[in-house]
**Student:** 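The structure is given below, and queries will be raised subsequently.
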Amino acid sequence: MARVVVDVMPKPEILDPQGQAVARALARLGVAGVADVRQGKHFELEVEDGVDDETLHRIAGSLLANPVIENWTVRRA
């Protein structure tokens with residue numbers, strides 16, 4: 001079995017209200033120096049060794065991410 005990590009983030013041009021809320025909360029907590037926060041999703045999949053990269057990208061793009069507003073990366077851990 002192989003472990004695959006898929007990280008999904010909003011595209012840069014898409015507003016990220018959750019990230020903005022975290023950034024405001026950090027400021028209220030007195031944390032300085034954080035200019036921006038983007039919030040995404042992190043998935044860990046256990047897959048059989050025979051699952052190829054094309055299949056993993058298809059899974060990410062059709063189930064884990066919304067390709068209209070999100071980018072994703074797939075890597076074997």
**Student:** Would you check, one step at a time, whether the test salt bridge (Lys or Arg N to Asp or Glu O under 4.0 Å) holds for E70 with K11?
**Tutor:** CA-CA 5 Å; E70 295 174 317; K11 289 183 177 182; over 6 Å; no
**Student:** Looking only at atom types and distance, does a side-chain atom of S62 sit under 3.5 Å from a main-chain N or O of R58, one as donor and one as acceptor?
**Tutor:**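 A pair under 3.5 Å: yes.
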**Student:** How close do P10 and G40 get, heavy atom to heavy atom, and via which atoms?
**Tutor:**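 In this case the closest contact between P10 and G40 is CD-CA, 4.5 Å.
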**Student:** Does any non-hydrogen side-chain atom of I59 lie less than 4.5 Å from one of L64?
**Tutor:**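 In contact.
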**Student:** Compare every heavy atom of P67 with every heavy atom of G61, then report the nearest pair and how far apart it is.
**Tutor:**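 Nearest heavy atoms, G61 then P67: O-CD, 3.4 Å.
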**Student:** As an exercise, state the distance from CD1 of I14 to CD1 of I69, rounded to the nearest 0.5 Å.
**Tutor:**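 Taking CD1 in I14 and CD1 in I69, the distance rounds to 6.0 Å.
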**Student:** Do L45 and V6 have side chains that approach each other closer than 4.5 Å (heavy atoms only, starting at C-beta)?
**Tutor:**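 Side-chain contact under 4.5 Å: yes.
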**Student:** Decide yes or no for E46 and V4: does some side-chain heavy atom of the first lie under 4.5 Å from some side-chain heavy atom of the second?
**Tutor:**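 Heavy-atom side-chain distance check fails, nothing below 4.5 Å.
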**Student:** Determine whether V74 and M9 fall in the same hydrophobic cluster, where Ile, Leu, Val, Met, Phe, Trp and Tyr are linked whenever their side-chain heavy atoms lie under 4.5 Å apart.
**Tutor:**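 No, no single cluster joins them.
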**Student:** Donor-acceptor check, side chain of R38 to backbone of Q18, threshold 3.5 angstrom: yes or no?
**Tutor:**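 No.
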**Student:** So, the side chain of D16 versus the backbone of Q39: is there a donor-acceptor pair under 3.5 Å, distance only?
**Tutor:**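 Side chain of D16 to backbone of Q39: a pair is present.
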**Student:** Take atom CG of L15 as the centre, draw a 6.0 Å sphere, and report whether it contains more than 12 heavy atoms from other residues, nucleotides or ligands.
**Tutor:**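 Atom CG in L15 is not packed in, count stays at 12 or less.
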**Student:** List the steps and the verdict of side chain to side chain contact (heavy atoms under 4.5 Å, CB included) for N71 and V8.
**Tutor:** CA-CA 6 Å; N71 292 325; V8 179; over 6 Å; no
**Student:** Could you tell me if the side chain of V5 sits less than 4.5 Å from the side chain of H42, heavy atoms only?
**Tutor:**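 They are in side-chain contact.
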**Student:** Is any side-chain heavy atom of V47 less than 4.5 Å from a side-chain heavy atom of M1?
**Tutor:**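 Of all side-chain heavy-atom pairs linking M1 with V47, none is under 4.5 Å.
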**Student:** Does E54 have more than 12 heavy atoms from other residues, nucleotides or ligands lying within 6.0 Å of its CD?
**Tutor:**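 Not more than 12 within 6.0 Å, no.
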**Student:** Can you establish whether the number of heavy atoms outside E48 located under 6.0 Å from its atom CD is more than 12?
**Tutor:**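 No - once you tally the heavy atoms of other residues, nucleotides and ligands closer than 6.0 Å, there are 12 at most.
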**Student:** Side chain to side chain contact (heavy atoms under 4.5 Å, CB included) for W72 and H57? Distances and angles first, verdict last.
**Tutor:** CA-CA 9 Å; W72 63 90; H57 281 277; 3.7 Å; yes
**Student:** Heavy atoms, side chains only, cut-off 4.5 Å: are L56 and R76 in contact?
**Tutor:**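 L56 reaches R76 side chain to side chain.
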